[in-house]
Amino acid sequence: MFTVSGAGVAMLIGVIAPVFLIILLGYGLARLGQFAPMTIASNGRFVLNVLTPAVVFHALSTARIGAIARPDYLMVYALASLLAFGAGFVWFRHGAGTPAGTGVAAVRALGMSGSNTAFIGLPILTQVYGARAAAPIALNMLFESFVLLPLLLALIDAGGGERRSAGATLADLGRNLLRSSLLWAIILGTLCAATGWRLPAPLARTVDLLAGASAALALVTIGAGLAGIVLAGRRAAIATVVAGKLLLHPVLVVILLQVIPIGDPMLRASAILLAGLPMFSIFPVFGQRAGDGDTCSAAMLLAVVLCPVTLLATMLLLGIHL
């Protein structure tokens with residue numbers, strides 16, 4: 001019989017609540033005019049290009065290589081994400097009441113399959129699992145960088161009426177990946193874990209300071225970015241995207257875990273928790289590029305509002321203890 005203690009619930013709320021309270025703080029400050037739109041955008045770039053890579057490098061460089069090299073985890077999470085993406089794409093492209101174009105369907109499918117691993121998943125998992133959370137975080141980011149985002153961009157290009165060769169599209173994707181500081185942080189951090197090499201002390205302390213500043217600024221930036229969003233757009237599409245992200249994606253992970261077992265309980269739970277997070281922070285940007293900005297922005301706002309409830313329920317069902 002499933003039982004829940006009041007103390008256990010309170011401890012889990014203590015993990016989840018600070019993350020979403022800081023997002024709420026950013027939202028409130030932006031609504032009060034404390035953040036200009038240009039400031040929000042520049043803070044987002046700083047978090048994505050500097051602070052998050054510092055966190056990932058620090059976590060990976062101090063981890064055991066055996067904890068990072070987990071093809072079983074990568075297979076489960078990647079397959080679940082691709083299934084969620086495929087289901088969303090087929091539904092919005094062919095099955096919805098008003099079928100969408102290729103680009104719009106692809107972006108909405110991303111909303112059902114791409115989790116905010118870096119900004120929301122990282123602070124939550126590190127509170128629960130400490131440094132061990134580096135492994136699932138890094139594996140998710142590798143999959144998202146090399147598979148999910150290139151797939152999305154290729155479909156947006158295909159639906160935009162611009163005829164480009166496959167070689168030109170791949171070349172652009174390759175250049176974008178090589179310019180990604182997050183990707184280089186993953187590569188260099190993994191090399192350090194494999195070789196045992198460590199940064200010189202001044203550089204190591206610099207990375208530590210940057211990593212320590214990442215969580216709060218990232219979460220405030222997410223909240224500030226939500227301040228200008230209104231719940232406008234196609235209501236059925238918004239509800240479908242949010243349900244796909246918060247419910248379908250983690251359920252697919254649970255199903256695949258029965259087929260591809262993962263021995264480490266931490267990795268099993270991390271895959272489910274990360275799948276149940278809201279979508280990428282830049283999800284509305286892709287929506288604007290595909291001409292579906294209002295729907296995507298509203299879906300992200302609703303997902304962030306509902307996520308604390310679904311995440312707490314998932315943690316309780318998984319029996320996570322602190």
Could you go through residues 109-123 and list every donor-acceptor pair under 3.5 Å that involves a side-chain atom there, pairing it with any protein atom two or more places apart or in another chain?
residue : atom : partner : partner atom : Å
S113    : OG   : A109    : O            : 2.9
S115    : OG   : Y77     : OH           : 3.2
S115    : OG   : K245    : NZ           : 3.0
S115    : OG   : L274    : O            : 2.6
N116    : OD1  : F119    : N            : 3.1
N116    : ND2  : S281    : OG           : 2.8
T117    : OG1  : E144    : OE2          : 3.1

Compile the donor-acceptor pairs under 3.5 Å between side chains in residues 306-318 and protein atoms, sequence neighbours left out, one pair per line.
residue : atom : partner : partner atom : Å
T310    : OG1  : C307    : O            : 3.1
T314    : OG1  : T310    : O            : 2.8

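There is a path of hydrophobic side-chain contacts, each under 4.5 Å, that joins V253 to V259. Residues L302 and V104 are members of separate hydrophobic clusters, defined by side-chain heavy-atom contacts under 4.5 angstrom among Ile, Leu, Val, Met, Phe, Trp and Tyr. Linking ILVMFWY residues whenever their side-chain heavy atoms come closer than 4.5 Å, directly or via other members, leaves V251 and W91 in distinct clusters. Linking ILVMFWY side-chain heavy atoms closer than 4.5 Å, directly or via other members, places L217 and L209 in two distinct hydrophobic clusters. Note: the hydrophobic cluster containing I272 does not contain I255 (ILVMFWY, side chain heavy atoms under 4.5 Å, direct or indirect links).
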Stepwise side-chain contact (heavy atoms from CB on, under 4.5 Å) test for L199 and W197: CA-CA 7 Å; L199 290 175; W197 185 78; 3.6 Å; yes
Candidate pair F280 and L149, rule side-chain contact (heavy atoms from CB on, under 4.5 Å), full reasoning: CA-CA 11 Å; F280 297 142; L149 289 180; 3.7 Å; yes
Steps toward side-chain contact (heavy atoms from CB on, under 4.5 Å) verdict (L267, V76): CA-CA 10 Å; L267 289 176; V76 167; over 6 Å; no
Trace of the side-chain contact (heavy atoms from CB on, under 4.5 Å) decision for V147 with L82: CA-CA 9 Å; V147 179; L82 290 173; 4.2 Å; yes
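Shown here for V241 and A299, the closest heavy-atom pair between the two residues is CG1-CB, 4.0 Å. For P18 against I13, the heavy-atom pair with the smallest separation is CD-O, 4.0 Å. Looking at every heavy atom in both residues, M279 comes nearest to A303 through SD-CB, 3.7 Å. Here the closest heavy-atom approach between residue I22 and residue A216 is recorded as CG2-O, 3.8 Å. When all heavy atoms of C296 and P284 are compared, the pair lying nearest together is CB-CA, 4.2 Å. Between P136 and L125 the shortest heavy-atom distance is CG-CD1, 4.2 Å.
Contact check for V107 versus F283: side-chain heavy atoms found under the 4.5 Å cut-off. Between T102 and F89 the shortest side-chain heavy-atom distance falls below 4.5 Å. By the 4.5 Å heavy-atom criterion applied to side chains, V15 and M11 are not counted as neighbours. The closest side-chain heavy-atom distance from I222 to M300 is not below 4.5 Å. A 4.5 Å side-chain heavy-atom check between D292 and R234 finds at least one atom pair inside the cut-off. In this structure, the side chains of N140 and Y73 come closer than 4.5 Å at one or more pairs of heavy atoms.
Remark: the backbone N or O of A100 is paired with a side-chain donor or acceptor of R93 at under 3.5 angstrom. Of the possible polar contacts, none joining the S181 side chain to the V50 backbone as a donor-acceptor pair under 3.5 Å is found.
To the nearest 0.5 Å, atom OG1 of residue T126 and atom CZ of residue R132 are 13.5 Å apart. With rounding to the nearest 0.5 angstrom, the CG atom of L74 is 9.0 Å from the CG atom of L79. The structure places CG of L248 at 11.0 Å from OG1 of T240, a figure rounded to the nearest 0.5 Å. Going from atom CZ of R108 over to atom CD1 of I238 covers 8.5 Å, rounded to the nearest 0.5 Å. One finds the CG atom of L151 at 10.0 Å from the CD1 atom of I156 (value rounded to the nearest 0.5 Å). Rounding to the nearest 0.5 Å gives a distance of 11.0 Å between CG of L12 and CD1 of I124.
In this structure, R198 places its CZ atom where more than 12 heavy-atom neighbours from other residues, nucleotides or ligands lie under 6.0 Å away.
Legend: residues meeting side-chain contact (heavy atoms from CB on, under 4.5 Å) with Q288, ordered by chain and number and at least two apart, are absent.
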